[in-house]
Amino acid sequence: MNSLGELERSVMDLLWASAEGLSAYDLQAELAGPDGTGRELAATTILTVLSRLEKKNFVVRERDLRPHRYRAASGRESHMADLMHEVLGGANDRTAVLERFVGQVSNEEAETLRRILAGR
């Protein structure tokens, strides 16, 4: 599983939050913020990040329009689940890790886990 750097995560957060694809210029404006006090980045920097994310299979480029638009290849929840599986896969004792994880969830989260497991 590929991990995300800080800027990659910021870009992915914007793409995950968007129902439609975004161009590098859209992302540049979003990262700069509504009043321009956010991160000011060159469009080429954003394009480089998008290229890396495309190679890592995090984004899909829509080439039909100019400028190209990018959208997340999968949802944030899928990414988080993949990260959890990666961590669990690296454990020597998966049961102990699961017990620790379950021991730290809230009552509401425990109920959600019970409901999900009952449906399997």
Side-chain angles (χ1 to χ4, degrees):
M1 165 116 247
N2 292 313
S3 61
L4 296 172
E6 180 185 340
L7 183 53
E8 291 174 332
R9 178 170 297 283
S10 295
V11 168
M12 287 307 302
D13 284 342
L14 292 170
L15 292 174
W16 279 322
S18 175
E20 299 178 4
L22 299 173
S23 72
Y25 302 105
D26 296 330
L27 291 163
Q28 182 184 32
E30 289 288 329
L31 290 168
D35 55 2
T37 59
R39 298 179 78 169
E40 288 195 33
L41 300 165
T44 54
T45 300
I46 303 295
L47 287 165
T48 298
V49 169
L50 288 166
S51 176
R52 288 182 185 153
L53 290 170
E54 187 178 22
K55 287 179 183 170
K56 292 179 177 180
N57 296 317
F58 279 99
V59 301
V60 175
R61 185 186 332 193
E62 299 171 350
R63 299 173 188 265
D64 300 346
L65 301 171
R66 291 281 183 178
H68 293 165
R69 302 185 77 76
Y70 297 83
R71 61 181 170 76
S74 62
R76 181 192 314 263
E77 294 77 13
S78 292
H79 174 65
M80 295 298 183
D82 289 344
L83 290 174
M84 292 168 70
H85 277 285
E86 182 178 334
V87 170
L88 190 57
N92 291 332
D93 186 347
R94 293 172 61 109
T95 300
V97 173
L98 284 170
E99 286 174 351
R100 284 270 181 131
F101 176 77
V102 170
Q104 296 176 0
V105 300
S106 69
N107 289 338
E108 182 182 0
E109 292 166 336
E111 182 57 36
T112 299
L113 286 171
R114 278 188 213 93
R115 185 172 26 86
I116 292 169
L117 291 171
R120 294 186 78 188

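Linking ILVMFWY side-chain heavy atoms closer than 4.5 Å, directly or via other members, places Phe58 and Leu14 in a single hydrophobic cluster. Val105 and Met84 fall within the same hydrophobic cluster, where Ile, Leu, Val, Met, Phe, Trp and Tyr residues are linked whenever their side-chain heavy atoms come under 4.5 Å apart, directly or through other members.
In plain terms, the two heavy atoms of Leu50 and Val59 that are nearest each other are O-CG2, 3.7 Å. Shortest non-hydrogen contact noted between Leu15 and Ala72 is CB-N, 4.2 Å. The heavy-atom pair separating His68 from Arg63 by the smallest distance is CD2-CA, 3.7 Å. Taking both residues in full, the closest heavy atoms of Leu47 and Tyr70 are given as CD2-OH, 4.0 Å, listed atom of the first, atom of the second, then distance. Between Val97 and Ala91, the shortest heavy-atom contact is CG2-CB, 3.5 Å. Closest approach of Gly21 to Arg71, counting heavy atoms only: CA-CB, 4.1 Å.
Applying the 6.0 Å contact sphere to CD of Glu54 captures more than 12 heavy atoms from other residues, nucleotides or ligands.
In this structure, Leu27 and Leu41 have side chains that are not in contact, with every pair of non-hydrogen atoms separated by 4.5 Å or more.
Through direct or relayed side-chain contacts under 4.5 Å between Ile, Leu, Val, Met, Phe, Trp and Tyr, Leu65 connects to no other residue.
Within the model, atoms OG1 of Thr45 and CG of Leu31 stand 10.5 Å from one another, a figure rounded to the nearest 0.5 Å. Taking CD1 from Ile46 and CD from Glu30, the interatomic distance works out to 11.0 Å, rounded to the nearest 0.5 Å. Atom CZ of Arg61 sits about 14.0 Å away from atom CZ of Arg69, to the nearest 0.5 Å. The distance from atom CD of Glu108 to atom CG of Leu113, rounded to the nearest 0.5 Å, is 11.0 Å. Distance check: Leu53 CG to Lys55 NZ gives 11.0 Å after rounding to the nearest 0.5 Å.
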Go through it in stages, so that I can follow the logic: the residues are Glu8 and Lys56, the test is side chain to side chain contact (heavy atoms under 4.5 Å, CB included), and I'd like the CA-CA distance, side-chain angles, deciding distance and then a yes or no. CA-CA 11 Å; Glu8 291 174 332; Lys56 292 179 177 180; 3.0 Å; yes
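Using a 4.0 Å cut-off between charged side-chain N and carboxylate O, Glu6 and Arg9 make no salt bridge.
Between the side chain of Trp16 and the main chain of Ser74, a donor-acceptor pair closer than 3.5 Å is present. Not a single donor-acceptor pair under 3.5 Å links the side chain of Asp13 to the backbone N or O of Ser10.
Pairs of residues two or more places apart, or lying in two chains, that qualify as side-chain hydrogen bond (donor to acceptor under 3.5 Å, both in side chains) and include a residue from residues 89-107 are Ser106-Glu109.
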